[in-house]
Amino acid sequence: MTAALGPRTDARRHHDPSVRGFASDNYAGAHPEVLAALALANEGHQVAYGEDQYTDHLQRIVHSHFGPSAEAFPVFNGTGANVTALQALTDRWGAVVCAESAHINVDEGGAPERMGGLKLLTVPTPDGKLTPELIDRQAWGWEDEHRAMPQVVSITQNTELGTVYTVDEIRAIVEHAHAKGMKVHLDGARIANAAASLDVPMRAFTNAVGVDVLSYGGTKNGMVFGEAVIVLNPDAVSHMKHLRKLSMQLASKMRFVSVQLEALLAKDLWLRNARHSNAMAQRLAAGVRALDGVEILYPVQANAVFARLPHEVSRRLQERFRFYFWDEAAGDVRWMCAFDTTEDDVDAFLQALKEELAR
């Protein structure tokens with residue numbers, strides 16, 4: 001009989017855990033409660049491909065957040081969630097109306113179009129948010145065989161520019177889209193941050209206002225990996241489980257995705273993490289506003305701060321803290337806070353920024 005495997009490992013730490021940055025909430029590790037949940041799920045055998053007890057239990061948790069008709073389909077990553085969700089909502093000749101700055105348009109390597117086989121119809125926005133009037137710039141020509149048919153409106157909550165749709169703004173978009181026979185997809189890579197900012201349940205701006213399908217983000221909020229496509233309106237999609245497999249997003253050991261989602265959603269870990277990262281962004285923004293030579297570009301409503309400062313200052317600061325240019329030519333940068341960002345991290349960054357501005 002083979003002996004039980006113990007906790008021994010030959011792996012070594014290859015990074016300095018004291019190094020902090022403001023480049024992305026993806027840089028953060030996993031929340032300890034998520035790691036503990038993974039360990040709990042690791043004992044013994046469970047049926048593969050989603051027939052495990054953890055994925056089954058996840059459905060009941062999702063119902064508590066998004067209503068009894070909601071169904072979660074765990075996937076590996078955010079791009080996979082978006083591509084699979086949009087495929088489920090469109091015909092082969094279908095198109096998706098989205099903001100020009102949307103993640104599906106600028107940060108997914110063309111996957112929605114190349115892998116999903118659909119057309120993105122983009123609209124420039126001043127703050128990352130669509131409106132019914134902006135949607136109408138692309139929502140036309142349904143009977144024109146020379147044009148991809150607009151079938152879906154995709155919005156991001158919160159947006160790529162860190163702004164947050166209000167409940168009424170999303171309701172107006174959904175009502176407008178549905179009146180035109182279109183469906184609505186919500187990219188919720190940072191949905192927890194939006195709910196924390198608005199101080200409302202996630203259902204308030206998803207199923208309660210008629211959103212059809214949600215891409216639920218967990219990685220940026222404390223998971224190791226994994227997201228979920230949550231079908232809120234079963235009548236809006238067909239063959240989701242087949243599309244998930246076709247899109248290479250069906251995990252054989254799905255329990256390890258599902259148990260992480262359970263750790264976030266079963267109680268309030270999702271909200272605690274989001275509130276903290278939002279609060280750190282507010283602390284950062286307040287400190288930045290006290291400095292001359294830096295302009296905050298958009299309202300700080302979630303866990304992102306977008307700023308404009310002299311290019312040479314940013315370059316020197318990047319040698320001390322990792323972060324990204326948003327528009328290098330204009331000198332625009334993005335600073336992200338995560339669930340594990342501390343007040344000391346923010347204060348150290350602000351001190352470094354102050355020093356580089358003074359040089």
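FYI, side chains are in, hydrogens and waters are out, and symmetry mates aren't considered; it's all heavy atoms of this structure. All values reported here derive from a predicted model rather than from experimental measurement.
- Interatomic distance, N278 CG to N273 CG, rounded to the nearest 0.5 Å: 11.0 Å.
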#### Entry: Chi angles and distances behind the salt bridge (charged side-chain N to carboxylate O under 4.0 Å, His left out) call for R283, D347
CA-CA 9 Å; R283 185 182 185 90; D347 294 346; 3.0 Å; yes

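- Between A95 and T90, the closest heavy-atom pair is O-CG2, 4.5 Å.
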### Task
Would you sort out whether T206 and F66 count as a side-chain contact (heavy atoms from CB on, under 4.5 Å), showing the intermediate values?
CA-CA 8 Å; T206 54; F66 301 105; 3.5 Å; yes

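- Hydrophobic clustering places L214 together with L198 (ILVMFWY residues linked when any side-chain heavy atoms are closer than 4.5 Å, directly or through intermediates).
- In this structure a side-chain-to-backbone donor-acceptor pair under 3.5 Å is present from D187 to A189.
- A side-chain donor-acceptor contact under 3.5 Å links Q87 and S247.
- For the pair V305 and A281, the tightest heavy-atom approach, listed with the atom from each and the gap, is CG2-O, 3.6 Å.
- Following chains of ILVMFWY side-chain contacts shorter than 4.5 Å, one can reach V184 starting from L232, so the two form part of one hydrophobic cluster.
- The number of heavy-atom neighbours closer than 6.0 Å to CZ of R315, taken from other residues, nucleotides and ligands shown, is above 12.
- Here the CG atom belonging to N82 is positioned 4.5 Å from the CD atom belonging to E108, to the nearest 0.5 angstrom.
- There is a path of hydrophobic side-chain contacts, each under 4.5 Å, that joins V200 to V209.
- Side-chain N or O atoms of Q260 include one that pairs as donor or acceptor with a backbone N or O of F256 at under 3.5 Å.
- Rounded to the nearest 0.5 Å, atoms CH2 (W142) and CE (M182) are 6.0 Å apart.
- Inspection of the T342 and D344 side chains reveals no N or O donor paired with an N or O acceptor under 3.5 Å.
- A 6.0 Å sphere centred on NE2 of H45 holds no more than 12 heavy atoms belonging to other residues, nucleotides or ligands.
- Remark: side-chain polar atoms of T163 are paired, donor with acceptor, to backbone N or O of D127 under 3.5 angstrom.
- For E160 and T156, the side-chain atoms include at least one donor-acceptor pair closer than 3.5 Å.
- Heavy atoms of other residues, nucleotides or ligands lying less than 6.0 angstrom from CD of E295 number more than 12.
- Looking only at side-chain heavy atoms (C-beta outward), L353 and L291 come within less than 4.5 Å of each other.
- Residue I170 holds its CD1 atom at 4.0 Å from CD1 of I155, rounded to the nearest 0.5 Å.
- A distance-only check finds a donor-acceptor pair linking the side chain of S64 to the backbone of I61 [under 3.5 Å].
- By the neighbour-count criterion of 12 heavy atoms within 6.0 Å, atom NZ of K180 is densely surrounded, having more than that number from other residues, nucleotides or ligands.
- One side chain, N193 or S277, offers a donor N or O that lies under 3.5 Å from an acceptor on the other.
- Salt bridge present: R320 and E355 bring a charged side-chain N and a carboxylate O closer than 4.0 Å.
- Across all non-hydrogen atoms, the minimal contact from P124 to L134 is O-CD2, 4.0 Å.
- A salt bridge links D25 to R190: one of the charged nitrogens lies within less than 4.0 Å of a carboxylate oxygen.
- A salt bridge between D212 and K183 is absent, with no side-chain N of the basic residue lying under 4.0 Å from a carboxylate O of the acidic one.
- Look at R272 and E33 and you find a salt bridge, because one of the NZ, NE, NH1 or NH2 atoms lies within 4.0 Å of a carboxylate O, short of that distance.
- In summary, of the residues considered (R137, E133, E100), a side chain to side chain contact (heavy atoms under 4.5 Å, CB included) with V123 occurs for R137 alone.
- For N221 and H31, the side-chain atoms include no donor-acceptor pair closer than 3.5 Å.
- Counting only distance, with no hydrogens or angles, the side chain of H14 and the backbone of R12 share a donor-acceptor pair below 3.5 Å.
- Around OH of Y49, the count of heavy atoms belonging to other residues, nucleotides or ligands within 6.0 Å does not exceed 12.
- Transitive grouping of hydrophobic side chains (ILVMFWY, heavy atoms separated by less than 4.5 Å) brings V164 and V174 into a common cluster.
- No continuous path of hydrophobic side-chain contacts links L89 to L243 [ILVMFWY only; heavy atoms under 4.5 Å].
- With respect to R316 and E319, no salt bridge is recorded, no charged nitrogen being found less than 4.0 Å from a carboxylate O.
- With a 4.5 Å cut-off on side-chain heavy atoms, L269 and E262 do not count as touching.
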### Query
Given M240 and V229, is the side-chain contact (heavy atoms from CB on, under 4.5 Å) satisfied, shown in steps?
CA-CA 9 Å; M240 255 302 305; V229 176; 3.9 Å; yes

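- Between the side chain of N77 and the main chain of G80, a donor-acceptor pair closer than 3.5 Å is present.
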### Chi angles and distances behind the side-chain contact (heavy atoms from CB on, under 4.5 Å) call for I191, W270
CA-CA 10 Å; I191 187 175; W270 67 276; over 6 Å; no

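- Within 6.0 Å of CD on E145 lie more than 12 heavy atoms contributed by other residues, nucleotides or ligands.
- Within the 3.5 Å criterion, the main-chain N or O of D52 finds no donor-acceptor partner in the side chain of Q46.
- A side-chain donor from one of S215 and H185 sits under 3.5 Å from a side-chain acceptor of the other.
- Remark: the backbone N or O of P74 is paired with a side-chain donor or acceptor of R244 at under 3.5 angstrom.
- Surrounding NE2 of H239 are at most 12 heavy atoms belonging to other residues, nucleotides or ligands under 6.0 Å away.
- Residues N303 and F339 are not in side-chain contact: their nearest non-hydrogen atoms beyond the backbone lie 4.5 Å or more apart.
- When each of F349, Y27, W335, F323 is tested with F22 by the rule ring pair (Phe, Tyr, Trp, His ring centres under 6.0 Å), just one qualifies, namely F349.
- For R308 (side chain) and G331 (main-chain N/O), no donor-acceptor pair under 3.5 Å exists by modelled atom type.
- For the atom pair CZ (R334) and OH (Y298), the distance works out to 12.5 Å, reported to the nearest 0.5 Å.
- Among all heavy-atom pairs drawn from S69 and P234, the shortest one is O-CG, 3.7 Å.
- Judged as a salt bridge (charged side-chain N to carboxylate O under 4.0 Å, His left out), the pairs with a partner in residues 53-74 (not counting sequence neighbours) are, in order, D56-R60.
- Across every non-hydrogen atom of E227 and G78, the tightest pair is CG-N, 3.4 Å.
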### Query
How far apart are the C-alpha atoms of L161 and K129, what are their side-chain angles, what is the distance that settles it, and do they pass the side-chain contact (heavy atoms from CB on, under 4.5 Å) test?
CA-CA 9 Å; L161 301 182; K129 296 198 289 187; over 6 Å; no

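- No more than 12 heavy atoms of other residues, nucleotides or ligands lie within 6.0 Å of CD in Q53, so this atom counts as exposed by the packing criterion.
- Side-chain contact of Q151 with D91: a donor-acceptor pair under 3.5 Å is present, judged by distance alone.
- Note that CD1 of I135 is 5.0 Å distant from CD1 of I173, once rounded to the nearest 0.5 Å.
- Of the possible polar contacts, one joining the T219 side chain to the G226 backbone as a donor-acceptor pair under 3.5 Å is found.
- In this structure, R147 forms no cation-pi arrangement with W93, as its terminal cationic atom is not both closer than 6.0 Å to the ring centre and no more than 45° off the ring axis.
- The nearest pair of heavy atoms linking N26 to K220 is OD1-CG, 3.3 Å.
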